[in-house]
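These notes concern the structure reproduced below.
Note that these values count all heavy atoms, side chains included, but never hydrogens, waters or copies made by symmetry. Per chain, numbering begins at 1; letters A, B, ... match sequence-line order. What you see is a predicted model, and the numbers here were worked out from it, not measured in a lab.
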Amino acid sequence: MLPEIQEFFHMGGYAFYVWSSYGLCFIVLVLNIIIPLCREKVIIRSIAIQVHRKQQK
Amino acid sequence: MLRHINQFASPKNFYALSCKLVHYFGGACLLLFVAGVFGGLLFSPPDYQQGESVRIIYVHVPSAWMSLFVYIVMAGAGTIGLIWRIKIMDVIARSSAPLGASFTFLALATGSLWGKPMWGAWWVWDARLTSELILLFLYLGYIALQSAIEDPRMAARAGAILALIGIINIPIIHFSVEWWSTLHQGPTVSKLDAPSIHIDMLIPLLLMALAYMCYFISAVLMRARCDLLALERNSAWVGELIGERSR
Amino acid sequence: MYENTSAVLEAVRLKCVRGERLIFENVGFQLCSGEVLQIDGPNGSGKTSLLRILCGLAVAEEGEVNWKGRSINDDLAEYVREVNYIGHNNGIKSELTPLENLVVARSLMSSNREFSLMEALAQMNLSDIADIPVRKLSSGQCRRVALSRLLISQARLWILDEPFTTLDDNGRHLVQDLIATHARKGGNAVIVTHESLNLPEVILNKLTL
Amino acid sequence: MYENTSAVLEAVRLKCVRGERLIFENVGFQLCSGEVLQIDGPNGSGKTSLLRILCGLAVAEEGEVNWKGRSINDDLAEYVREVNYIGHNNGIKSELTPLENLVVARSLMSSNREFSLMEALAQMNLSDIADIPVRKLSSGQCRRVALSRLLISQARLWILDEPFTTLDDNGRHLVQDLIATHARKGGNAVIVTHESLNLPEVILNKLTL
Amino acid sequence: MKSNLLDVFMTILKRDLSLGLSRSSEIANPLIFFFIVVMIFPFALGPESNLLQRIMPGVIWIAVLLSATLSLDMMFRSDFEDGSLELMLLSRYPMTLLIMAKITAHWLLTGAPLILASIFLGVLLNLPVESLLYLFITMMLGTPVLSMVGSAVMALTVGLRGGGVLLALLILPLYIPVLIFSIAAIDNAILGLPITGEIYILGALLVLAITLAPFATSTSLRIRFG
Amino acid sequence: MKSNLLDVFMTILKRDLSLGLSRSSEIANPLIFFFIVVMIFPFALGPESNLLQRIMPGVIWIAVLLSATLSLDMMFRSDFEDGSLELMLLSRYPMTLLIMAKITAHWLLTGAPLILASIFLGVLLNLPVESLLYLFITMMLGTPVLSMVGSAVMALTVGLRGGGVLLALLILPLYIPVLIFSIAAIDNAILGLPITGEIYILGALLVLAITLAPFATSTSLRIRFG
Ligand code: HEM
Ligand SMILES: Nc1ncnc2c1ncn2[C@@H]1O[C@H](COP(=O)(O)OP(=O)(O)OP(=O)(O)O)[C@@H](O)[C@H]1O
Ligand SMILES: Nc1ncnc2c1ncn2[C@@H]1O[C@H](COP(=O)(O)OP(=O)(O)OP(=O)(O)O)[C@@H](O)[C@H]1O
Ligand SMILES: [Mg+2]
Ligand SMILES: [Mg+2]
């Protein structure tokens with residue numbers, strides 16, 4: 001079992017290329033999800049503050 | 001008819017609808033990704049020439065396809081926004097740009113990572129590679145223009161025109177392999193009549209392509225929602241929405 | 001000279017937002033044929049923004065501008081022919097002489113061919129320097145060159161943004177006379193200025209932002 | 001506040017030629033401590049040219065300018081520290097905010113460190129917009145930013161070229177107050193303007209070109 | 001009315017030409033820049049004349065591309081800054097007409113001299129006759145496209161801070177198709193291969209640009225003045 | 001007084017840097033322009049990788065030269081137009097000091113990023129280590145010279161209509177030597193020949209520029225305002 005897993009990760013000598021492509025894709029795709037999520041939070045908070053102010057007035 | 005569309009495309013309705021869509025497509029995307037990655041890494045055979053490095057195909061080709069597709073979406077949405085003044089379309093065009101740039105970057109990066117073992121160099125000045133690089137610059141130019149113009153309405157309309165002018169490059173990228181003899185792979189998958197690729201590789205590849213597509217839809221909607229909120233921050237429906245939520 | 005309708009130019013509940021800030025809201029007025037509107041207000045109150053909306057260079061956030069009863073956006077190209085806008089910027093090329101500048105300006109606007117360009121320049125006291133490149137002129141002389149466009153145009157609506165800046169007293173009188181004559185012929189003018197206007201026999205409306 | 005000599009600033013038979021044309025000749029005046037000079041004259045008579053000669057940016061064809069009895073060209077660098085020139089151009093960067101602009105201006109001039117920059121801006125009614133890039137301000141607001149340099153400088157001689165352009169009434173009063181206060185402290189000012197100045201308790205000389 | 005339109009066209013054309021001629025730098029500058037870029041190459045590549053011969057058409061085209069980009073600035077910038085553009089937008093003539101005049105003037109002031117300079121250089125550098133001929137033909141077809149695409153993009157960026165280089169960033173990718181097909185035509189001509197395909201494509205680009213550029217430009221300008 | 005001078009130097013430096021950073025395009029754009037120029041060459045010269053490999057150092061240097069020239073505009077133009085330059089001339093500090101700050105800021109904003117970009121490209125394109133090393137060294141010596149010579153010439157021509165020709169004519173004889181010696185150094189290094197001569201000359205140019213440029217610039221500015 002273990003050698004098989006090792007072989008799988010070895011990728012016939014192309015480990016670096018294969019895993020960094022997949023890794024890069026993963027990172028970029030996840031970043032593109034996280035960034036709008038964070039931005040949404042920030043925006044909602046700032047709008048909430050704005051709304052709050054208006055209500056107080 | 002037009003009024004119908006306008007009503008559907010009102011920011012408020014769109015915001016509500018997009019929330020659902022993000023969830024559906026996000027879920028589909030996750031499933032497809034898992035299937036595609038497993039299929040690609042575990043169940044598909046290594047290539048007889050390229051060995052295991054061929055597994056890069058499952059991330060490279062969908063990224064490359066999406067990089068072209070997203071540009072078309074961006075230009076199309078921008079044009080619709082420009083002509084019919086539909087705000088949603090402006091927002092979608094604007095949100096597509098960073099995603100398209102990301103896909104282009106991924107196509108370039110994974111292509112380089114594939115090229116090093118195959119051609120012995122990270123980069124060769126091949127027509128397709130270079131034209132893909134141009135595509136990246138087109139996206140960056142679009143983003144730069146958007147950020148240089150402060151008024152969002154003006155920025156969206158200016159961007160639409162730029163994207164339209166730039167669309168001339170898309171066929172050039174796509175057909176570059178046929179027009180110039182190059183190192184890069186010719187059409188293998190996209191020859192519709194007889195794909196010259198093994199079925200065991202084709203299936204995970206198509207799964208990944210679908211996954212990318214779903215990913216794009218949900219990601220672009222997420223971005224669009226943010227932009228919409230920021231744009232419409234002074235309008236009544238946003239006030240109500242946030243007011244309810246914070247209560 | 002022009003037909004006499006009521007309310008040639010009408011602004012209805014205009015609202016202007018720049019960046020994120022509300023500049024003004026609910027601004028409206030009506031001008032009948034032959035009337036002049038003076039706009040005043042503190043710095044930054046949106047006078048220039050209002051003028052740009054009136055002449056169709058910018059679009060109001062809300063509200064509309066009507067010309068002879070129709071919204072100006074219905075046929076902007078048509079409307080624009082009736083407008084003569086002179087903004088903060090003079091709109092003259094510093095490499096060309098005043099005369100050359102006027103030649104270009106005349107070909108762009110519905111101009112009054114009878115009135116010769118040299119006469120126009122002479123009336124603005126510019127005949128001595130009609131052939132010196134504008135870049136070598138003083139600020140007031142440049143302003144005069146820009147304002148001499150008023151003389152050769154047949155536009156019915158003049159929109160002037162602080163026309164008197166850097167003009168000397170003689171220049172101020174000249175321009176006020178021009179405006180008064182234009183109004184007496186039935187034309188309209190919308191003028192931003194902090195100074196008090198002296199336009200005999202003309203109905204002068206005021207709007208303070 | 002400053003020592004009281006007679007004729008702090010003196011111009012002797014100045015002559016100015018631009019291009020080939022003689023602009024003025026034989027222009028001279030004397031200013032004692034605490035006096036203000038208003039220069040007026042038709043457009044193109046050489047007011048701006050005269051100011052640039054007075055502050056050392058240009059050199060007169062003939063004649064000279066003396067500061068405290070010495071020709072300003074003897075030690076231009078020294079003289080220049082005592083001068084605050086605000087020309088037609090505002091000399092502010094449109095990307096920076098008013099506050100940032102003042103920071104730069106302060107570091108360039110012999111400034112009054114006690115007076116905080118925010119106070120200076122507040123005095124010019126700019127505190128609301130102290131953090132908005134100047135490019136987004138209206139023309140009058142820009143002019144105010146430029147003029148707020150007067151508040152933070154310790155220069156003795158103010159040279160102002162049409163300071164009131166595009167200012168509203170409030171701004172005009174503010175600037176006139178500033179000038180009057182400066183003069184009452186013994187400072188000098190040379191001002192080009194077509195408007196009549198109202199500077200209580202200050203000796204106002206006039207020069208017409 | 002028709003002759004009137006022509007009148008206006010000619011006035012604007014004359015105005016822009018005389019402006020360009022009066023700021024003599026605006027013609028000379030792109031030209032000098034062009035010569036510099038071309039002349040730098042022998043320094044960078046060493047004096048191997050075979051090599052130089054082979055790449056010269058390409059280098060000349062690159063130099064043309066870059067100088068055309070630099071010269072774009074003069075098309076709208078000063079008109080924007082001194083308010084002339086507002087005047088034009090508010091004129092009684094269709095903006096597209098005025099823009100066509102401006103583009104024509106720009107091409108006459110930059111494109112045409114660049115073509116002459118290229119041919120001059122080509123002769124000087126002993127390029128083969130085919131190269132020269134097709135250099136000329138592709139430039140006649142290509143440089144107007146550069147001016148037109150340039151006007152549209154310039155209109156988008158005029159008045160933006162940092163607009164000069166933003167322009168370069170936006171425009172060079174758009175110029176590349178012209179470059180690709182021109183070079184392909186020249187290379188094929190030297191090798192004796194057919195080139196009608198490339199020439200057709202260049203012609204099509206030109207027609208496309210002529211029909212679309214004035215509209216794109218005037219729309220862009222209206223947008224910028226929003 | 002001394003610390004005061006340093007203060008002013010730093011204020012101006014900071015001002016120019018923050019101006020440059022706030023118009024982020026002013027840093028990013030020359031960089032992107034640089035990449036685009038390099039990228040265009042394969043289109044024009046065909047994809048023969050040997051040829052491209054051989055001329056890449058030269059192409060990179062040319063691209064640096066062009067982007068440096070383009071970015072010169074930002075050094076004085078806007079200061080001239082909005083009157084800030086007059087303010088500086090009338091300030092109580094020596095103009096040379098202020099100019100040194102401006103030049104430093106300009107180099108930090110354009111020269112330094114361009115060097116990094118060149119090295120990045122060099123690595124990506126598999127340039128041999130010697131090429132890379134000497135590309136780096138010659139750029140460290142050369143780009144400040146470009147900024148300084150540029151500032152002096154720019155000062156002479158700022159605000160002059162038609163100053164552009166003058167700019168190109170004056171700047172060329174001063175830029176070309178930098179290019180020639182840099183490329184000679186790189187070529188020799190690849191061939192294993194001695195290169196101290198070239199490096200010395202570049203160093204001498206740098207020292208000369210540092211000592212003379214601020215004075216030349218401030219004199220030019222005074223003349224321009226005379
Ligand atoms: C930086 C390097 C690379 C870039 C920028 C790049 C770019 C692209 C692009 C844009 C496409 C989509 C073309 C279209 O749909 O019209 C594509 C497809 C493809 N690429 Fe690459 N590529 C690179 C390297 C490689 C390498 C090294 C290989 C394999 C040896 C490769 C194999 C493929 C394959 C098989 C396709 C699918 C072709 C099809 O059926 O449409 N690529 N690439
Ligand atoms: N760069 C120049 N070259 C040649 N002549 C010039 C130049 N600048 C101005 N002049 C001329 O010098 C004269 C004086 O100009 P100046 O700007 O000093 O006038 P001014 O009194 O300030 O006028 P204004 O009230 O219009 O500001 C003008 O007649 C003008 O034509
Ligand atoms: N480009 C811009 N972006 C954002 N806000 C702007 C912009 N231009 C002007 N503003 C803001 O809009 C407001 C109105 O500006 P406007 O130029 O219309 O004022 P104004 O009444 O003409 O003032 P002034 O008397 O100073 O000329 C100002 O408060 C200004 O800060
Ligand atoms: Mg205003
Ligand atoms: Mg003046």
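Annotation: D:R13, atom CZ; neighbour count of heavy atoms from other residues, nucleotides and ligands within 6.0 Å does not exceed 12.
Nearest approach of C:P98 to C:A130, heavy atoms of both residues: CD-O, 3.5 Å. In this structure, D:G87 and D:D161 approach most closely via the heavy-atom pair CA-CB, 3.8 Å. For C:A105 against C:R149, the heavy-atom pair with the smallest separation is CB-CD, 3.5 Å.
Both the backbone and the side chain of C:Q141 come within contact range of chain D, judged by heavy atoms closer than 4.5 Å. D:R18 does not touch chain C: none of its heavy atoms, backbone or side chain, sits under 4.5 Å away. For a residue to count as touching a neighbouring chain, one of its non-hydrogen atoms must lie under 4.5 Å from one of that chain's; by this rule C:R21 touches chain D with the side chain only.
For the set D:G19, D:S49, D:G44, D:S138, the count of heavy-atom pairs under 4.5 angstrom toward chain C peaks at D:G44. Ranked by heavy-atom pairs under 4.5 Å with chain C, the list D:K47, D:R143, D:R144 is led by D:R144. Among D:T48, D:T165, D:T166, D:D169, the residue making the largest number of heavy-atom pairs under 4.5 Å with chain C is D:T166. Between chain D and the residues C:L167, C:L137, C:D40, the most heavy-atom pairs under 4.5 angstrom are made by C:L167.
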*Step by step, work out the salt bridge (charged side-chain N to carboxylate O under 4.0 Å, His left out) result for C:R81 and C:D75.*
CA-CA 11 Å; C:R81 285 183 208 179; C:D75 190 354; over 6 Å; no
*Can C:N198 and C:Q176 be said to form a side chain to side chain donor-acceptor pair (under 3.5 Å), step by step?*
CA-CA 7 Å; C:N198 168 24; C:Q176 294 194 31; 4.8 Å; no
